[in-house]
Amino acid sequence: MRRRREELEELHKLGINPYPYNYNVTDSSTSIINSFTDEQPPREVAVAGRIMSIRRMGKASFCHLQDAQGRIQAYLKKDDLGGSYDTFKLLDIGDIIGVEGYVFKTKMGEISIHARKLEILSKSLRPLPIVKEKVDEQGNKTIFDPFSDKELRYRQRYVDLAVNVKVREVFVKRSLILRAMRKFLDERGYLEVETPILQPIYGGAFARPFTTHHNALDIDLYLRIADELYLKRLIVGGYDGVYEFAKDFRNEGMDRSHNPEFTMMELYVAYKDYIWMMNLVEEMVSTVALAVNGTMKWKVGENEIDFTPPWKRISMYDVIKEYTGKDLRDKSEEEIRRFAKELRIEIEPGMGRGSIIDEIFSEKVEAKLIQPTFITDYPVEMSPLAKKHRSEPGLVERFEVMVNGHELCNAFSELNDPIDQRQRFEEQMKLRARGDEEAQVLDEDYLRALEYGMPPTAGLGIGIDRLTMLFTNQDSIRDVLFFPQMKRE
RNA sequence: GAGCCCGUAGCUCAGGGGUAGAGCAUCUGCCUUUUAAGCAGAGGGCCGUUGGUUCAAUUCCAACCGGGCUCACCA
């Protein structure tokens with residue numbers, strides 16, 4: 001680093017501004033490489049990027065420039081650069097430069113830029129980790145000295161991105177996923193909206209919130225754990241369909257699939273039910289799959305997943321029956337409890353019928369559902385915002401989609417009966433009183449909204465981070481978040 | 001929250017009770033089509049922090065800090 005500061009001084013002394021204001025880029029690295037022909041006279045180009053490697057040979061040098069698209073080699077010869085060649089001697093890997101010159105192919109066959117002009121665009125003061133790669137004749141890449149320390153990669157994502165091109169690709173895909181989804185929803189006429197992140201009462205999910213304080217009002221506020229209740233207020237207000245890509249915050253443990261802040265897309269559509277929503281989800285996710293990966297079949301780890309609709313639809317009871325051989329329909333809480341014990345599933349004494357069923361599902365079924373599968377019709381106790389099933393007592397009209405052994409989204413026919421909703425909230429408040437910190441809080445204003453009348457509505461929540469993990473084949477949420485939460489350095 | 005593992009040069013890692021090692025990077029010299037460029041030489045370290053055991057600790061022990069994996073909790 002000291003050396004680099006000296007070089008910076010040298011540049012200043014030579015009257016060169018190491019941090020100029022702009023540069024006129026004419027082409028990107030890959031556009032040059034892809035459009036190369038042996039035409040005469042050769043094409044003149046100007047590219048800018050970060051120096052990723054330098055090979056100096058006395059009075060001539062090669063270096064690789066990396067721009068947003070890829071890499072291209074530049075050939076710098078003293079005869080053609082004169083004084084700037086001495087400037088080049090003051091440059092390092094990591095510096096950002098602009099090179100103007102003509103395109104040619106080297107003896108070794110690499111399309112390169114023969115530099116006529118060189119301009120320093122930003123002097124780097126910290127050494128960048130050097131990642132070397134060798135490409136053999138089959139085109140296989142071997143990486144030497146990878147920048148692989150996860151802690152450093154997450155804490156200094158800018159370095160990770162600069163040095164590990166694959167990482168940049170993951171986030172480009174994340175952006176494509178958002179774009180494809182937004183396009184899909186916009187084409188159907190749904191309105192993208194924004195609702196409060198700071199909420200006086202939190203709701204819409206089971207989770208502990210982050211608390212903050214508003215000084216002027218002198219009130220505590222919560223960072224939202226979901227935007228569900230606000231979006232449904234908008235349906236009460238008369239919109240047909242609303243959606244939001246929402247950053248939600250949950251004050252809970254962190255692991256491979258949980259970060260304290262994460263992104264959820266929630267969608268509510270008036271006059272529809274959960275069966276209609278299943279069709280939409282199938283269509284949306286397969287459309288996104290095609291837009292992002294160009295195929296419906298996508299290999300995640302060992303499993304090839306086929307997103308082609310239609311997906312299997314099976315009720316919670318039936319899928320448990322399929323995987324355990326036991327039909328829990330019409331069974332009492334006591335019978336189900338006994339069955340869970342037979343399966344050696346740990347059951348807390350306070351757990352009700354619904355929770356035990358859910359536990360059996362998580363333990364015995366969930367991980368086995370690899371292909372996209374709708375699990376439908378959940379016990380009412382676990383779903384205080386979902387509408388009672390039209391024909392099955394004790395159940396609600398709810399589904400989750402399981403893919404690769406994990407939940408991908410959650411949806412229901414929304415409960416719009418204000419009296420039923422009040423009772424459900426009251427049930428939750430009882431659980432709360434018994435010490436369940438994640439039970440939901442009664443939201444009087446939300447009830448007031450329902451009392452004005454909400455049309456039948458289908459609602460959906462889909463975890464964007466997990467969807468991205470799926471489509472980019474990453475097994476940690478940290479690898480699909482630019483800046484995952486970390487402890488203080 | 002529990003268990004296991006890790007922390008040594010800018011990066012990736014080896015080592016091991018007696019003044020610290022490699023490759024790449026860096027610096028000097030040579031080299032005008034190289035590509036993990038090459039050749040010759042050089043510099044670079046609070047061995048995560050604090051404490052303990054010891055004549056002596058980077059090494060052994062403990063606590064702490066940070067990270068990873070697994071499990072638990074959790075949508």
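So that the names make sense, note that chain A is the first sequence line, chain B the second, and so on, each numbered from 1.
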- N/O donor-acceptor pair, side chain A:Glu110 with base B:U33, under 3.5 angstrom: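 Between B:U33 and A:Glu110, which were checked side chain against base, a qualifying N/O pair under 3.5 Å is absent.
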
- Could you tell me whether the side chain of A:Asp255 has a donor or acceptor atom within less than 3.5 Å of a complementary atom in the base of B:C74?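 Result: no qualifying N/O pair found.
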
Taking the [atom1] atom of each, how far is [N] from [M], in whole Å?
N	M	atom1	result
B:C6	B:C47	C1'	14 Å
B:G10	B:G44	C1'	10 Å
B:G1	B:A63	P	16 Å

- Item | Full working for side-chain contact (heavy atoms from CB on, under 4.5 Å) between A:Glu381 and A:Arg424 | CA-CA 8 Å; A:Glu381 302 94 304; A:Arg424 305 276 195 97; over 6 Å; no

Contact class for [X] vs. all strands (heavy atom < 4.0 Å): base, sugar-phosphate, or nothing?
X	result
A:Glu438	sugar-phosphate
A:Asp92	sugar-phosphate
A:Lys107	base
A:Ser148	sugar-phosphate
A:Asp149	sugar-phosphate
A:Arg153	nothing

Any salt bridge linking [X] with [Y]? Criterion: basic side-chain nitrogen under 4.0 Å from a carboxylate oxygen.
X	Y	value
A:Arg155	A:Glu151	yes
A:Asp443	A:Arg233	yes
A:Asp80	A:Arg116	no

- Message: Starting the side chain at C-beta, find the nucleotide from B:C27, B:U34, B:G66 nearest to A:Glu7.
- Response: B:C27

- Query: Can a cation-pi geometry be assigned to A:Arg313 and A:Phe374, taking NZ or CZ under 6.0 Å from the six-membered ring centre and within 45° of the ring axis?
  - Reply: yes

- Query: Can you check side-chain hydrogen bond (donor to acceptor under 3.5 Å, both in side chains) on A:Gln66 and A:Arg71, steps first, answer last?
  - Reply: CA-CA 4 Å; A:Gln66 179 173 283; A:Arg71 285 186 185 192; 3.0 Å; yes

- Message: Just to verify, which of A:Lys388, A:Arg398, A:Glu397 counts as forming a side chain to side chain donor-acceptor pair (under 3.5 Å) with A:Ser383?
- Response: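 Testing each of A:Lys388, A:Arg398, A:Glu397 against A:Ser383, the sole residue satisfying side chain to side chain donor-acceptor pair (under 3.5 Å) is A:Arg398.
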
- Stems involving RNA chain B: give each as a range paired with a range, ordered by first number, where a stem means at least three consecutive Watson-Crick or G-U wobble pairs under 3.5 Å.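 So far as stems of 3 or more pairs are concerned, RNA chain B shows B:1-7 with B:65-71, B:10-13 with B:21-24, B:26-30 with B:38-42, B:48-52 with B:60-64.
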
- Item | B:G66 OP1/OP2 closer than 4.0 Å to side-chain N/O of A:Lys150 | no

